**Student:** 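Have a look at this one.
Owing to the predicted nature of the structure, the values given are computational and were not obtained by experimental measurement.
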Amino acid sequence: MKAFVVAAATLWLAVVFQQTLPDRMAIFGARPDFILTAAICLGLLLPAPGCIIAGFFAGLGHSATIGANLVQYVLSRILASYGASRISELEIEIGGILAAVAVLVGTLGAQLVMMFLAPPRSVGGFIGDTIQTAIYNAVIAVPLYAGLSQFLKKERP
């Protein structure tokens with residue numbers, strides 16, 4: 001129950017932050033994606049069924065906030081969160097740096113899925129924005145993962 005409450009609160013705050021903060025936090029045009037970062041960090045800390053549910057609600061929240069087609073957001077966020085869950089099942093200790101790398105790679109992967117499901121007008125511009133967002137997400141993943149790991153400790157099988 002604690003994991004559900006923490007995940008729901010994290011995703012809710014990520015949706016609120018996504019609506020209000022990205023334009024204010026833009027650095028040279030790079031904007032963070034709080035919802036995707038939260039989904040991947042939750043994927044690192046939740047077991048496989050929980051991370052799939054977190055990815056689903058992250059995609060649902062993202063598509064609802066911008067009024068876009070639901071399928072590409074839900075699928076890309078589920079895959080990113082599930083991929084992070086698989087990384088966390090390795091026999092290594094996950095810390096802030098590895099969480100940042102996972103978020104960087106997960107953001108690139110999720111946006112690649114988005115690019116094929118909903119092709120952008122300018123692929124070059126989309127890829128440039130994706131790389132900037134991935135780097136920004138990796139930076140904000142370190143404190144987010146550190147905070148979430150205090151509440152959600154993944155039990156090893």
**Student:** Quick one: do the Thr37 and Asn137 side chains pair a donor with an acceptor below 3.5 Å?
**Tutor:**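 Yes, side-chain donor-acceptor contact under 3.5 Å.
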**Student:** Tell me the closest heavy-atom pair linking Ile40 and Ala102, and the distance in Å.
**Tutor:**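 Looking at all heavy atoms of both residues, the closest pair is CG2-O, 4.0 Å.
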**Student:** For Tyr145, is the OH atom crowded, meaning more than 12 foreign heavy atoms sit under 6.0 Å from it?
**Tutor:** yes
**Student:** Count I, L, V, M, F, W, Y as connected when their side-chain heavy atoms are under 4.5 Å apart, and connections chain through other members. Are Leu108 and Val123 then in the same cluster?
**Tutor:**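 Yes: a chain of side-chain contacts under 4.5 Å links Leu108 to Val123.
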**Student:** What heavy-atom pair brings Ala110 and Arg77 nearest, and what distance separates the two atoms?
**Tutor:** CB-NH1, 4.3 Å
**Student:** Between Val113 and Val105, is there shared hydrophobic-cluster membership here, with clusters defined by ILVMFWY side-chain heavy atoms closer than 4.5 Å?
**Tutor:** no
**Student:** What's the separation between atom CG in Leu70 and atom CG in Leu75, rounded to the nearest 0.5 Å?
**Tutor:** 10.5 Å
**Student:** Can Leu42 be reached from Trp12 by stepping across I, L, V, M, F, W or Y side chains whose heavy atoms are under 4.5 Å apart?
**Tutor:**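 No, it is not one cluster - the side chains of Trp12 and Leu42 are not joined through contacts under 4.5 Å.
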**Student:** Please say yes or no: joined through hydrophobic side-chain contacts below 4.5 Å, possibly via intermediate residues, are Leu90 and Leu98 part of one cluster?
**Tutor:** yes
**Student:** What's the spacing between Leu144 CG and Thr10 OG1 if we round to 0.5 Å?
**Tutor:** 6.5 Å
**Student:** As an exercise, state the distance from CZ of Phe34 to CE of Met25, rounded to the nearest 0.5 Å.
**Tutor:** 4.0 Å
**Student:** Show the nearest heavy-atom pair for residues Gly147 and Phe151, with the distance to one decimal.
**Tutor:**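 Taking Gly147 first and Phe151 second, the nearest heavy atoms are O-CD1, 3.4 Å.
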**Student:** Report whether Leu152 and Ile94 are members of the same hydrophobic cluster (ILVMFWY, side-chain heavy atoms less than 4.5 Å apart, transitive linking).
**Tutor:**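 Linked, Leu152 and Ile94 end up in one cluster.
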**Student:** Parallel, tilted or perpendicular: which fits the ring planes of His62 and Tyr73, with parallel below 30° and perpendicular above 60°?
**Tutor:**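 Ring orientation of His62 relative to Tyr73: parallel.
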**Student:** Of all heavy-atom pairs between Gly43 and Cys51, which one has the smallest distance, and what is that distance?
**Tutor:** CA-CB, 3.7 Å
**Student:** CG/Leu117 to CD/Gln72 distance, rounded to the nearest 0.5 angstrom?
**Tutor:**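 Between atom CG of Leu117 and atom CD of Gln72 there are 6.5 Å.
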**Student:** Could you tell me whether Tyr136 atom OH has more than 12 heavy atoms of other residues or ligands within 6.0 Å of it?
**Tutor:**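 Result for OH/Tyr136: enclosed.
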**Student:** Look up atom SG in Cys41 and atom CG in Leu36, then write down how far apart they are to the nearest 0.5 Å.
**Tutor:**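 With rounding to 0.5 Å, SG (Cys41) is 9.5 Å from CG (Leu36).
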**Student:** Just one of Ile135, Ile131, Thr133, Val139 clears the side chain to side chain contact (heavy atoms under 4.5 Å, CB included) bar with Leu104, so which one?
**Tutor:** Ile135
**Student:** If you take all heavy atoms of Leu11 and Ala54, which pair is closest and at what distance?
**Tutor:**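 Taking every non-hydrogen atom into account, CD1-O, 3.6 Å.
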**Student:** When rounded to the nearest 0.5 angstrom, what distance separates CG in Leu46 from OG in Ser81?
**Tutor:**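 It comes to 7.0 Å.
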**Student:** Stepwise, does the side chain to side chain contact (heavy atoms under 4.5 Å, CB included) test hold for Met115 with Phe126?
**Tutor:** CA-CA 8 Å; Met115 185 176 75; Phe126 182 80; 3.6 Å; yes
**Student:** Quick one: closest heavy-atom pair of Ala58 and Ala39, and the distance?
**Tutor:** CB-CB, 3.6 Å
